[in-house]
Amino acid sequence: MNRPDDKGIETALAQRDAAAPNTPPQVATSAPRPNPPEGWGDRISRWVFTADVHQRIRLGQAALANALMLGCVMLLHTGADRHSLEHRWIWPWTAAALGGMVAVFVLIRSGISRRWSDPSLAMFQMLYATACAAGGYVLAGPVRSAALPIVAVVLMFGMFGLSVRQVIGVAIYTSMLFGAASLYWARRDQGVPGVGTVEEVNFGMLLLMLMGVCILTARLGGMRERSKRQKAALEAALEQNRLLATQDALTGCLNRRAMTERLGQAMALAARFGTPCSVIMIDLDHFKHVNDAYGHAAGDEVLRTVADLAREQLRDVDALGRWGGEEFLVLLPATSASDAIVCAERLQKKLAAVRFPNIAADLHLSFSAGVAAIGRNDGVATLIDRADRAMYQAKQSGRARVVPASE
C-alpha cells in the first residue's frame, strides 16, 4: 500500500475540513469594538496619498518637495529686482519649477513610476530641483545667495537614499550649473565693484557644501553597510541558536525535544481531522560492536549514513529525530500502521545494501523497529512507549525485523 504524497495529504485534509460539520460558535467575552467612523480628513488623505504604505511614503516626500519649491518661488518673487532684465523670466521659471514638481507627484500618484527602477523619482527630483535653483540664482539678482541653502536641502534628500557615486555625480552636475550661473553674473555686472568677489565666495561656499555632502554620504553609506553586516551576523547567530536548540549536531536530525514538539503537533492535527498518524522507533543492531571494533569515529559515520539514508526515503511532511545513542524516531503523518510497516521494511532493505568501505569492507547493518499508530487515548508519551516496547520485542525476536505495537 502506498502512502499519500505531500500534495495528496494537503488535498485530503482540505476536503475533510470543508466537509466537517460546523462547530458550535465560541461565546465571546465581550463584543468587538467598532471602528471609529472615517472623517473627511482621512478620506482626503487616502485619496491624495493612497492607502499603500510605500506609495504614501513616496508621495509624502514628493509633497514636501513641492511645498519647499513653492516656498522658494514665493521668496524669489518677494526679493527679486523688479526692474532687472531677468525679471521678465520669473513667471516662466515659476511655471516650469512648480509644473515639473507637480508632474512628479502625479506620476507617482498614478502608479506609472512603479514600472521604473526608481519609483520615487528621487534622482530626477534632485536634478530638476537643482536646475530650478540654478535658474533662480540667475533670476534672483541681489538675493541670489539665498539659493545656496536651497541646494543644501535638495542634496540632503539624496544623502539617505542615493549611493556615494550618485551623490558625487549630482555634486558635479550642481557645480557645473552654478558655475555657469556665477559666471553669468560676473560677466553681466563686470563693471560693478565687488561682484566678482561675491561670485567667487558664493561658488566657493557651494563647493565646500558639496564636498561636505559627499563626505557625509560616504559616512552614512558606511554606517548602512555596517548595519547590514551586523544584521546578517545577528540573523546567522539566531539561526545557529535555533539549530542548536532543535537539531542533533552529529546527524542533522531533530533532537529529542524538537521531535517531541513535532509529534505533539502532528497528533493534534490527526485528532482534529481524524487522519491516521504513525511512528517508527528504530534501534541499530549491534551498534556497540561497531564502536568497540572500529572506534567512535566509525560509529559517528554510521549514524550519519543512516540519517541521510532515512531522509532520502521520507516525504517532506515526515520527520526524523535522533531519540538516543543509536535510536531514531520517524514520524509519519497521514500514514496508517500497515503503511508505516511498509516504510520501515523499505528502509531495512536500503540499509542492508549499504556498505562502509572506509570502515570495513564486510561491515553491514540492520535495525530493529517498532511501529505504532495513534490510538484513541494515546498521548505523546504513551505512543512513544508503545513503539518502544514493540522495538524491544523485535530485538528479543532475533533483531532485523519490524514489529507492530499492540493496541
Side-chain angles (χ1 to χ4, degrees), residues 60-105 121-162 166-217:
Q61 292 174 339
L64 178 59
N66 274 269
L68 291 174
M69 183 62 73
L70 178 60
C72 295
V73 168
M74 294 173 63
L75 289 175
L76 179 60
H77 279 264
T78 301
D81 185 1
R82 298 179 181 275
H83 302 289
S84 67
L85 296 175
E86 293 80 16
H87 189 268
R88 59 177 177 168
W89 295 103
I90 287 183
W91 282 108
W93 173 86
T94 299
L98 294 180
M101 298 307 293
V102 170
V104 168
F105 187 92
L121 302 180
M123 177 61 80
F124 175 79
Q125 289 187 71
M126 288 184 62
L127 297 179
Y128 191 80
T130 301
C132 291
Y137 185 90
V138 171
L139 300 178
V143 295
R144 58 185 176 273
S145 298
L148 299 181
I150 297 172
V151 175
V153 173
V154 171
L155 292 174
M156 282 191 291
F157 269 88
M159 285 172 54
F160 300 96
L162 301 182
Q166 289 175 317
V167 171
I168 291 176
V170 173
I172 295 173
Y173 167 81
T174 302
S175 62
M176 293 173 62
L177 288 179
F178 275 84
S182 295
L183 185 61
Y184 168 82
W185 276 108
R187 290 187 176 181
R188 178 186 183 279
D189 294 344
Q190 190 171 5
V192 180
V195 170
T197 303
V198 169
E199 294 306 320
E200 289 175 0
V201 170
N202 285 347
F203 190 67
M205 288 291 295
L206 176 70
L207 292 179
L208 287 175
M209 180 179 62
L210 293 175
M211 290 174 59
V213 168
C214 291
I215 293 172
L216 288 176
T217 302

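Listed by first and then second residue, the salt bridge (Lys or Arg N to Asp or Glu O under 4.0 Å) pairs that reach into residues 66-79 come to none, sequence neighbours excluded. Within the structure, salt bridge (Lys or Arg N to Asp or Glu O under 4.0 Å) contacts touching residues 124-149 (residues at least two apart or in different chains) are R144-E199. Screening residues 63-78 for side-chain hydrogen bond (donor to acceptor under 3.5 Å, both in side chains) gives H77-T94 as the qualifying pairs, with residues at least two apart or on separate chains. Residue pairs satisfying the salt bridge (Lys or Arg N to Asp or Glu O under 4.0 Å) criterion with at least one member in residues 148-160, sequence neighbours excluded, are absent. Listed by first and then second residue, the salt bridge (Lys or Arg N to Asp or Glu O under 4.0 Å) pairs involving residues 123-142 amount to none (not counting sequence neighbours).
Nearest approach of S175 to L206, heavy atoms of both residues: CA-CD2, 4.4 Å. A134 and A181 get closest at one heavy-atom pair: O-CB, 4.2 Å. Considering all non-hydrogen atoms of both residues, A186 and V195 come closest at CA-CG1, 4.3 Å. Looking at every heavy atom in both residues, Q125 comes nearest to A62 through OE1-CA, 4.0 Å. Annotation for A131 and L177: closest pair CA-CD1, 3.8 Å, computed over non-hydrogen atoms. The heavy-atom pair separating V154 from A129 by the smallest distance is CG2-CB, 3.9 Å.
For F124, the ring pair (Phe, Tyr, Trp, His ring centres under 6.0 Å) partners are Y128, not counting sequence neighbours.
The closest side-chain heavy-atom distance from N202 to W185 is not below 4.5 Å. Counting heavy atoms from C-beta outward, T217 and L162 have side chains that stay 4.5 Å or more apart.
Taken to the nearest 0.5 Å, the CG atom of L148 stands 10.5 Å off from the CZ atom of F203. Distance check, rounded to the nearest 0.5 Å: CE of M101 to CG of L68 gives 8.5 Å. Of the inter-residue distances, the one linking I215 atom CD1 with L210 atom CG reads 11.0 Å to the nearest 0.5 angstrom. To the nearest 0.5 Å, the span separating CE on M69 from CG on L76 amounts to 11.0 Å. Atom CD of Q166 and atom SG of C214 lie 12.0 Å apart (nearest 0.5 Å).
For the pair W89 (side chain) and G135 (backbone), a donor-acceptor distance under 3.5 Å is absent. Checking side-chain atoms of Y184 against main-chain N and O of V138 turns up no donor-acceptor pair under 3.5 Å.
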inquiry  = Pair L155, V167 - check side-chain contact (heavy atoms from CB on, under 4.5 Å), show working.
reply    = CA-CA 8 Å; L155 292 174; V167 171; 5.7 Å; no
